[in-house]
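The block underneath contains the structure these notes are about, expressed in structure tokens.
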Amino acid sequence: MSELQNESPENGYDVFAIQDRWLPVWDELRPFNSGIDGDPRPKKYVLDMFPYPSGDLHMGHAEAYALGDVISRYWVQKGFNVMHPIGWDSFGLPAENAAIKRGLDPKGWTYDNIAQQKASMRRYACSFDWDRVLVTSDPIYYRWNQWLFLEFYNKGLAYRKNSNVNWCPSCQTVLANEQVVAGLCERCDSVVTKKALTQWYFKVTEYADRLLDDLDTLEGNWPAKVLTMQRNWIGRSTGAEVEFEVEGRSEPITVYTTRPDTLFGATFMVVAADSDLAAELASMAAPDVRIKFQDYLEQVKKSNDIERLATDRKKTGVELGIFAINPINGERIPIWVADYVLADYGTGAIMAVPAHDQRDFEFAQTFGLAIRMVVDTGEGDPSETGVPTVGDGVLVNSGSLNGLSKYEAIAKAIELLAGQGKGKAAKNFRLRDWLISRQRYWGTPIPIIHCDNCGEVAVAADQLPVLLPSAEGLDLKPKGTSPLGGASDWVNVACPKCGQPAKRDTDTMDTFVDSSWYFLRFLSPNSTEVAFPKDAAHDWAPVDQYVGGVTHAILHLLYARFFTKVLHDLGYVDFEEPFTRLLNQGMVLMNGSAMSKSRGNLVTLSSQLDEHGVDAVRLTMAFAGPPEDDIDWADVSPAGSAKFLARAWRAANDVTSQPGANFASGNADMRKATHTFLRDFAPAIEGFKFNVGVAKIMELVNALRKAIDGEAGSSDPAVREAAEVVAKALSLFAPYTAEDMWAKLGHQPGVALAGLQAADESLLVESSVTAVVQVDGKLRDKFDVSVDISEEELRTRAFASENVQRAIGDKQIANVIIRAPKLVNIATK
RNA sequence: GCCGAAGUGGCGAAAUGGCAGACGCGGAGCACUCAAAAUGCUUUUCCGAAAGGAGUGCGGGUUCAAGUCCCGCCUUCGGCACCA
């Protein structure tokens, strides 16, 4: 039996009865309906990241939705028409894996979980607008994924290419770059391998500059950490492309370098072993070299990213016996192949400057290649010190560049090369195009038909959606090709162009496609006419406040930003960033680590709700600390929260005055406390300091308790004023308790819409303050003074203090700082 | 290795350069009670009986005054990781 149930007969606060009382009332009242025609309130869009329906809601959801709700309810209270919708990101591998394991249809598993989560959200009193709900695995939703895909396709932003892609041997599907974490599959932690496949891509790289530059507009409104991660991920570098003629080859090799100033120090060239260029050069090489190259290439292909990542890895490579000509000085340099150069970055070939690059230096040392210093940084010659130098310095051994600084030389070198037509300024990105096709069943079918005569043929927009065929009879087990290939009735169609037999594309889209634009779909979640109406997008979007975990700092947020920019360029939206403000909440841990069944530290949300009630759990989430910090559930006290809620509720019960009492005639101290609270509460909430906001409510409740038990008494109008303010402020955190308090105070249901009055400044005017006196910065005395005390008088009073005199002793006074009326600091010599 | 953030009581945490520790958890005491629970009140950074002293990771600095600003360390956590 819980403590609360024990205490309820005594003091009347029965949180479970309160929950049962108000939920049906709210169903009638619908306080968070954002779709009323002609609603005059200004609009605001608050969005919580939508959940994946993997089971019931867990403690992490409970934190995220508690915090999102504080923000959403705050703006409602402020008089805004807040759109706060919810949906389910319901396509994806977990459903499919669960289905395979249990021999079920992924659909049944998914929709059962959605129903369960929805019920939990309602019980949890989430302030969602239940008219704005979407489920990405519904045809009415994914139809528009397909429509968007075709829009992208027609713009050349969706394309197919063959390349070495990340392959998860366990999931038996390809992965986007972003889904490979330290060489492991993000989902199952298998070692990711490479596989040459023809796959669909979205051209994110075409937007790389804008995705990077526009981050500046989010500065201050997004967590700095997320901005940094995005910047690093996009990874723009600037430098030059330089052409090297190759002996025995008509075409020159272009290399990318950030250091064209070091061109005179290039003593060899390295080509990525797994590039087409390497293969072609090897075919020109001597027979014994060709064999060595083939052996090496096989070795490289076998190694995976984990091995590549080892930092102390020895440099390896093969010399081709072919030479390139340095365009700046005509020098003949040997060409090597090695795996430390990446095929898919820059041009897949580099000029190696061992004196001024760590990796080139190691390679040169391993194979005894020349190391020539061309920038004197004052740290000594790398060939002697054994340490390559990368900083600024003075150019040496560099012909016409001699004497210049690094940055002058970069500019000059580019100028020289450009003059000869041998090079130009260039930039490169770490960001790669987004691989969006997946060889799995539970996703959006790609609306393309492959015809032997006509090639790729897009499904006509009016033929959408391409419905996902039933899973019945399909083998969903991962086998490297899409399970949809087994649905022959579905796959085999007539080519829309020529009518000849053709086949549907059997891959499905990465689920990140679904979540890249869902925030727009909430504008018209059930429309069969448009993905979203332009005018509604203009009125509501972008999202004013987005709330979710930092786990999506790169993937989801980058893709959503990309989609928004494309939609902008296509003329569908008039903004370029989807999420104006972003709040990342932390995680809920148990005893220092993430909760999991296998760790044995799992605390279920339902157990906490059953034990402490919804309001206490929500309040605990908000009060635990700053929202972005992790919460260790072992360190916080939902029982303490419940105790506080009961205390607040009892105070409201004790109020004996009638609604509409004239507050102005109330107890002055109580009124001052109430209006001090009103002054301080809003800034705390708007600054995401929810824990401080809760602390302020607690202070007000403490003052209220004192007023009721003390001089003012339970009938004082100021007591009513304070109790009403507590109910309204508390409604952001503990909606059930607040609603019940509101009713006990004699009001109609709907505390969420009651509004919170502004502080009456005239009640906050202080007549006296506490002045502190320091001697040499140490507190020695304090006393109450009038707020308009003069400096002279304050000085006199400070020196009159015995404590102060004792602290000064026989020391001489050097300086007296007076900040009337609050502070005197006496500095001695 | 590179980049970034953070270190404050027994614990979660507050603090526009101006009284360190708001608010809460936990602890102690008192009242109510036959008793307990619940509730209310008091107290709770450390040392000290007190007067007083020390105190925001460590060492310096700026300032009348530093948790807060600057420099150098240490530790922890996050991100990136052969990107030329």
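Within every chain, numbering begins at 1; the chains are lettered A, B, ... in the order of the sequence lines, protein sequences first and strands thereafter.
Residue A:Arg430 places at least one side-chain N or O closer than 4.0 Å to OP1 or OP2 of B:rA81. In this structure, A:Tyr340 does not reach the B:rA84 phosphate: none of its side-chain N or O atoms is under 4.0 Å from OP1 or OP2. Applying the 4.0 Å criterion to OP1 and OP2 of B:rA65, one finds that A:Arg819 has every side-chain N and O outside that range.
Checked against the 6.0 Å centroid threshold, A:Phe363 and A:Tyr340 count as a close aromatic pair.
Taking the side chain of A:Asp339 as heavy atoms from C-beta on, and the options B:rA15, B:rC82, B:rG40, the nearest nucleotide is B:rC82. The side chain of A:Leu342 has B:rA84 as its nearest neighbour among B:rC80, B:rG18, B:rA84. Looking at the side chain of A:Trp233, the nearest of the listed nucleotides B:rA84, B:rG18, B:rA81 is B:rA81. Nearest to the side-chain atoms of A:Met229 among the listed nucleotides B:rA84, B:rG18, B:rG79 stands B:rG79. Comparing B:rC19, B:rA84, B:rA13 against the side chain of A:Thr770 picks out B:rC19 as the nearest.
Comparing the P positions of B:rA5 and B:rG53 gives an interatomic distance of 38 Å, to the nearest angstrom. Using P as the reference atom, B:rU76 and B:rG27 are 32 Å apart when rounded to the nearest Å. Atom P of B:rA20 sits at a distance of 15 Å from the matching atom of B:rG52, rounded to the whole Å. Remark: the separation of the P atoms in B:rU63 and B:rC74 is 28 Å, to the nearest Å. Distance check on atom P: B:rA51 versus B:rA36 gives 34 Å, rounded to whole Å. B:rU75 and B:rC58 have their P atoms separated by 15 Å, given to the nearest Å.
No hydrogens or angles considered: nothing links the side chains of A:Arg819 and A:Asn825 as a donor-acceptor pair under 3.5 Å. A donor-acceptor contact closer than 3.5 angstrom links the side chains of A:Asp784 and A:Thr770. Residues A:Ser714 and A:Asp654 have side chains that never bring a donor and an acceptor to within less than 3.5 angstrom of each other. A:Thr389 and A:His356 share a side-chain donor-acceptor pair at under 3.5 Å. Residues A:Ser786 and A:Ser768 bring no donor and acceptor atom of their side chains to less than 3.5 Å of each other. For A:Arg650 and A:Asn653, the side-chain atoms include no donor-acceptor pair closer than 3.5 Å.
Nucleic acid contact for A:Lys689: sugar-phosphate only, since backbone atoms but no base atoms lie under 4.0 Å from a heavy atom of the residue.
Counting heavy-atom neighbours within 6.0 Å of A:Glu219 CD, excluding the residue itself, gives a total above 12. With a 6.0 Å radius and a threshold of 12 heavy atoms from other residues, nucleotides or ligands, A:Lys406 has its NZ atom above the threshold.
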Decide yes or no on side chain to side chain contact (heavy atoms under 4.5 Å, CB included) for A:Leu297 and A:Asp274, but give the supporting numbers first. CA-CA 7 Å; A:Leu297 184 58; A:Asp274 53 344; 4.2 Å; yes
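Applying the side-chain contact (heavy atoms from CB on, under 4.5 Å) test between A:Leu263 and each of A:Ile414, A:Val374, A:Leu417 identifies A:Leu417 as the sole match.
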B/S/- contact track for nucleotides 21-32 of chain B, protein heavy atom under 4.0 Å: -BBSS-------
When you check every protein heavy atom under 4.0 Å of nucleotides 50-60 of chain B, what one-letter string (B, S, -) results, 5' to 3'? --SSS------
Polar atoms only, N or O, under 3.5 Å: list the protein pairs with nucleotides 4-6 of chain B and their distances.
none

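For the pair A:Ile817 and A:Asp629, nearest-nucleotide mapping onto RNA chain B gives the more 5' position to A:Asp629.
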